[in-house]
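Reading through the structure tokens given below for one structure.
This is a predicted model, so every value here is computed, not measured.
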Amino acid sequence: MFYRGLKLALNSNRSHGDNFDIVKGFAQSCYQFNWIRFILIQNRAGKTRLAKWYMQFDDDEKQKLIEEVHAVVTVRDAKHTNFVEFRNFKIIYRRYAGLYFCICVDVTDNNLAYLEGIHNFVEVLNEYFHNVCELDLVFNFYKVYTVVDEMFLAGEIRETSQTKVLKQLLMLQSLE
Amino acid sequence: MPAVSKGDGMRGLAVFISDIRNCKSKEAEIKRINKELANIRSKFKGDKALDGYSKKKYVCKLLFIFLLGHDIDFGHMEAVNLLSSNKYTEKQIGYLFISVLVNSNSELIRLINNAIKNDLSSRNPTFMCLALHCIANVGSREMAEAFASEIPRILVAGDTMDSVKQSAALCLLRLYKTSPDLVLMGEWTSRVVHLLNDQHMGVVTAAISLITCLSQKNPDEFKTCVSLAVSRLSRIVSSASTDLQDYTYYFVPAPWLSCKLLRLLQCYPPPEDGAVKGRLVECLETILNKAQEPPKSKKVQHSNAKNAILFEAISLIIHYDSEPNLLVRACNQLGQFLQHRETNLRYLALESMCTLASSEFSHEAVKTHIETVINALKTERDVSVRQRAADLLYAMCDRSNAKQIVAEMLSYLETADYSIREEMVLKVAILAEKYAVDYSWYVDTILNLIRIAGDYVSEEVWYRVIQIVINRDDVQGYAAKTVFEALQAPACHENMVKVGGYILGEFGNLIAGDPRSSPLVQFNLLHSKFHLCSVPTRALLLSAYIKFINLFPETKATIQEVLRCDSQIRNSDVELQQRAVEYLKLSSIASTDVLATVLEEMPPFPERESSILAKLKKKKGPGAVSVTELEDSKREGGELNGGGDRGQDTATMAASNASTPSPSADLLGIRSTAPLGAAPASAGSLLVDVFSEAGPTAPSAAVNDDGFLRDLEQPTETSDSLLVEGSGDLDSAPPSEDPAPPLSEADDLLNKFVCKNNGVLFENQLLQIGIKSEYRQNLGRMYLFYGNKTSVQFASFTTTVSCPGELQSQLNVQTKPVEPLVEGGAQIQQVLNIECLTDFSDAPLLNIKFRYGGALQNLTLKLPVTINKFFQPTEMTSHDFFQRWKQLSQPQQEAQKIFKANNSMDTEVLKAKLLGLGTALLDNVDPNPENYVCAGVIQTKSQQVGCLLRLEPNAQAQMYRLTLRCSKDSVSRRLCELLAEQF
């Protein structure tokens, strides 16, 4: 299954130089288990507002993945699905204003569950930052990581209750 | 709720971020960053000890700079210092820095691990969580070594806080994924399973991911999770939309947990306990029912959450593939989604239906949606949805709708996105071949394919159409006529020229009677394309021309003229020049007899797996094309290739192919430069070789148009030569009513069919017996075709199938008697239903008796039912393979043989055989890439026998070592015997 799309990725590849190693690394280390490979928040211009990696990539690979995801996701319009095949994985994404929230999972994973996982996360951010906007994520990038870790850990869903997550965040906020 | 202001708490950080944002250029940004880095460096190096707040602020700035994409080469030590702070905010920044900028600097790792250790034992849940998150985020081997034994204790300890449990479960999962050898199962494992019962839904949500992962690796140890998961699921599904409070999402109770529970259940077969199973079926029904209820909210979140559960439930139903009622209901539900206004739902319904199409229970139900799916292919705006529609059409295709589906796919191809054309072409080609009822349709389809999407038609596709035309004499005339017409188009795709050149070169004579397609017209048509073609195509055309000289002597002068012209004979391309020179010479010095022998019609190709299918498989990767599908089409392919058996003997083929410089392996021989079999000939001495080898051995000068007849008349050339002697015995055998003893070569016949299911089982001057068979799990169906080759009726034709001795209790074979009269030239069919009760070694016997011109004919054959037919292929990873290999380590479980290669050791041939065996051929498992390893499960009624195979070729010594390990020793032995004859 993990060869799927790999060839396509290689053939249709833009001039990103040595893409092959990423693909190889990507394919070798992930079999059997389904989990989130990474979560990205990007704006339309391609600036990354959050990158959370749940498997090992080196920095060059991360940069390539970020660019590729941006290229794949931004060309799609609102009538398209919220899912897009990505190498041997798929990206589940949703656009909120100028921000794309993207989750990369295995092709067999449950699309709608992750799509709502994104929304649940966004609602928490919205509540926590009180009408969240892109700048909140820039200036409070270190807090966004805390929110992510409360809701997703080790590439799995950790907590889904908004009440519980916000209560915990509030408690942490009160600590010095 | 707290509204967090910009960079609250760290003013300096907020200022710095604002500065960066205000930079007008990249240069300005770099300048600002460098200034900040210098500042931070001086602070860190300064004599004054920094307070915690400043340290936190600077580390956070460094982190920000790193996230902007700049390298950071200092500050790690300060970050590690923050870990031991007592303030949450300082500790948090420290951990974050470590998590984002992991550095395997061993000195630091030791310090970090020390800090983590302190936090884990601090009994402060906030600090414990921070430490656990850090381990989960980094997940390095050093951390696994340090904490793999500690975390399970935290997870199952009675006094651990819920939030810590959640983090510990997922932290352990991360360590298990990266270093499974360090996470030892133990007393904690059973307690982990019981977390499914935990009161806190968050704990269940986190723990279930861990449990799912562990159960995949150790299904037996975690078996108890099935009933726990079912009861948990049942409680959620039957709860009212507000019961679960915090865990209700847009009126849907615990959607994520439900999905995870359903996914965990997919690691196991259906529950054996009737009560558990009943409860589960009830849950699944409730989920299906809820899909029909009016929505509790108009929000898309509500329907998405609900449908996430529905799709997961459908996956489970498909995984079980045992509840026809649920399967059909699932299919109907998906059918509704096919026309839903949400693109997401249409997409998912198409995707999910694809798997439903392969279940025998729901295949028909899926087919009823064909019009909607075709419509989706035509009208969907999102290419990925159209792609799913094409996948589904491919999956739902069978004999009844093949023509419609292929036609739709062809018309879609004209406008299809470039990204999916190649795959579409392969799919059309496979379907056309698989479900061809008449071959003219097949030829039309492929030629259309070349016309519409010539650029995407790979070699495999057009090689295949040629193979089939060569092997089917009833379609050759039609093919010649059709390519001739297609070539009339002013602009032809080069692939069309290739197919046209090849087919007219072989069968142009079949249409030469019509003055509109007279030999010279054919030649001129082909030659008009010549100059626009690439070198390989030109080479092919030159071969077609020399074949023309043989087919139509009247074209000789014209063609010689063409070959003689400078652009050919002095062509700068060596291959073209060589062909021109040699063909010219050949045509001028060889007598017509020799020419006829050398340029004889291509013999049929041996039956083999469609190379197109192999290509699609490769493209999609293992798993994408389901194994049953593969098997099916292999059988079907064989059927198309029906007569292909005749030319089995590759040596024969090579000899008669020696004329055209075409090695049989590469269908047309245009890629390699004329390798002449094993003859140590330099390219220059081609002619000499041709004459010294082909000349004397060619026994008859007659040009035979019909390969079939040729085989009959010169039976010694065929692979079935033994059979001729066999029929001699038969003739002289005393006429007796008792079944004759099995033919002496019956075992050889049996061996021919170990790795294939279709072909000619037996043939003598009177009778031909063809065989087609298919197997699923422990059941099989075999079609026997008895063909009367004479013009005289066979009377009292009876066939009896018997299972001698022990076999009676091992195999159950049922059949109906056949018609007692077989007219001259007629063929009758008999169906056998076979059930494998337990493993077996012998083969059932087929006795045939009939009167031919008064003489009783009586012969007995072994039916090629061998134990490997009941294989279900099993895909597994290298790790699993060797783990199981080690488990099967008792000496009697292993059978091994070392033997000399009887056939070609060519990789592709070997792979085709191993796939034909029925096992899964596993790539990248054996550390030595030369070796082959396979895995499969033999399905019998009484038990399943797992089998692992390893074949180690030694090309130098022309030897193999074959090792089998099976959970039953008799199976190892039998498979080893069978297989040793195959290679």
Side-chain angles (χ1 to χ4, degrees), chain A residues 1-4 6-8 12 31-35 48 51 63 76 79-85 88 110-113 115-117 119-120 127-130 135-136 138-143 145-146 149 153-164 166 168-173 175-176, chain B residues 1-4 6-7 14 17 21 60 63-64 67 69 87-89 92-93 96 126 133 136 139 163 166-167 170-171 173-174 177 201-202 205-206 209 213 216 246-247 249 255-257 259 263 301 304-305 307-308 311-312 343-344 347-348 381-382 384-385 419 619-624 877:
Chain A
M1 184 150 313
F2 31 86
Y3 296 117
R4 181 172 188 173
L6 183 141
K7 261 187 68 183
L8 290 174
S12 67
Y31 52 86
Q32 285 196 346
F33 313 124
N34 296 324
W35 80 94
T48 307
Q63 195 48 42
R76 298 172 63 81
K79 289 270 180 202
H80 286 176
T81 58
N82 292 92
F83 328 123
V84 55
E85 285 186 38
N88 14 355
N110 190 317
N111 298 37
L112 292 176
L115 185 59
E116 286 318 305
H119 189 75
N120 200 28
E127 196 71 32
Y128 182 50
F129 290 109
H130 203 24
L135 277 189
D136 292 322
V138 176
F139 282 96
N140 297 291
F141 69 95
Y142 57 97
K143 292 190 176 153
Y145 279 101
T146 307
D149 279 351
L153 191 62
E156 301 285 345
I157 295 177
R158 176 180 178 275
E159 179 56 85
T160 63
S161 158
Q162 293 184 18
T163 325
K164 289 228 158 66
L166 287 164
Q168 175 74 4
L169 291 173
L170 188 65
M171 189 277 284
L172 294 176
Q173 183 78 20
L175 296 173
E176 204 194 335
Chain B
M1 281 299 130
V4 182
K6 282 182 194 171
I17 295 177
R21 290 179 55 78
C60 205
L63 184 56
F64 184 79
L67 290 172
K87 294 189 172 150
Y88 165 76
T89 53
Q92 189 248 330
I93 297 295
L96 181 58
T126 308
H133 293 182
S163 66
Q166 285 171 281
S167 300
L170 294 174
C171 184
L173 172 57
R174 172 69 199 251
K177 275 181 199 161
M201 299 272 273
T205 306
S209 296
C213 179
Q216 276 170 341
D246 291 356
Y247 288 88
Y249 179 81
W256 293 281
L257 180 53
C259 289
R263 195 156 272 255
Q301 281 74 26
N304 277 349
N307 291 329
F311 278 108
E312 206 59 69
T343 316
N344 285 344
Y347 174 93
L348 294 172
R381 278 177 53 185
D382 184 343
S384 59
V385 186
S419 55
K619 215 172 147 52
K620 286 283 207 171
T877 60

Any side-chain heavy atom of Met171(A) within less than 4.5 Å of one from Thr126(B)? yes
Sub-4.5 Å side-chain heavy-atom contact between His133(B) and Leu153(A): yes
Smallest separation among heavy atoms of Asp246(B) and Lys164(A), with atom names: OD2-NZ, 3.4 Å
Locate the shortest heavy-atom distance separating Ala113(A) from Ala308(B); write the atom from each residue and the value. N-CB, 3.6 Å
Classify the ring geometry of Tyr249(B) against His119(A): parallel below 30°, tilted from 30° to 60°, perpendicular beyond 60°. perpendicular
Can a donor-acceptor pair be found, under 3.5 Å and without considering hydrogens, that links the side chain of Asn82(A) to the backbone of Asn344(B)? no
Output the distance between atom CG (Leu348(B)) and atom CG (Leu112(A)), rounded to the nearest 0.5 Å. 5.0 Å
Which heavy atom of Arg174(B) sits nearest a heavy atom of Ala154(A), and at what distance? CB-CB, 3.8 Å
Do the non-hydrogen side-chain atoms of Val138(A) and Ile17(B) ever get within less than 4.5 Å of each other? yes
Between Phe311(B), Tyr88(B), Tyr247(B), Trp256(B), which residue shows the highest count of heavy-atom pairs closer than 4.5 Å to chain A? Trp256(B)
Given heavy-atom pairs under 4.5 angstrom as the criterion, report whether the side chain, backbone, both or neither of Leu175(A) touches chain B. both
Heavy-atom distances under 4.5 Å only: say whether Asn111(A) touches chain B with side chain, backbone, both or neither. side chain
OG1 of Thr81(A) to CZ of Arg381(B): how many Å apart, nearest 0.5 Å? 12.0 Å
Of the backbone (N, CA, C, O) and the side chain (C-beta and beyond), which part of Thr205(B) lies under 4.5 Å from a heavy atom of chain A, both, or neither? both
First locate atom CG of Leu135(A), then atom CZ of Arg21(B), and finally report the distance between them rounded to the nearest 0.5 Å. 4.5 Å
If you tally heavy-atom pairs under 4.5 Å against chain B, which of Gln168(A), Gln162(A), Glu156(A), Arg76(A) wins? Glu156(A)
Between CG on residue Leu96(B) and OH on residue Tyr142(A), distance to nearest 0.5 Å: 10.5 Å
Most heavy-atom pairs under 4.5 angstrom with chain B, which of Asn110(A), Thr48(A), Val84(A)? Asn110(A)
Partner chain A: residue of Pro255(B), Ser167(B), Gly69(B) with the largest heavy-atom pair count (under 4.5 Å): Ser167(B)
For Arg158(A) and Ser163(B), what are the C-alpha separation, side-chain angles and deciding distance, and is it a side-chain contact (heavy atoms from CB on, under 4.5 Å)? CA-CA 9 Å; Arg158(A) 176 180 178 275; Ser163(B) 66; 3.8 Å; yes
Can you tell me which portion of Leu67(B) sits under 4.5 Å from chain A's heavy atoms? Options are side chain, backbone, both or neither. side chain
Working to the nearest 0.5 Å, report the span between NZ of Lys79(A) and CG of Asp382(B). 12.0 Å
At a heavy-atom separation under 4.5 Å, does Cys213(B) approach chain A through its side chain, its backbone, both, or neither? both
Return the OG1 to CD1 distance between Thr146(A) and Ile93(B), rounded to the nearest 0.5 Å. 7.5 Å
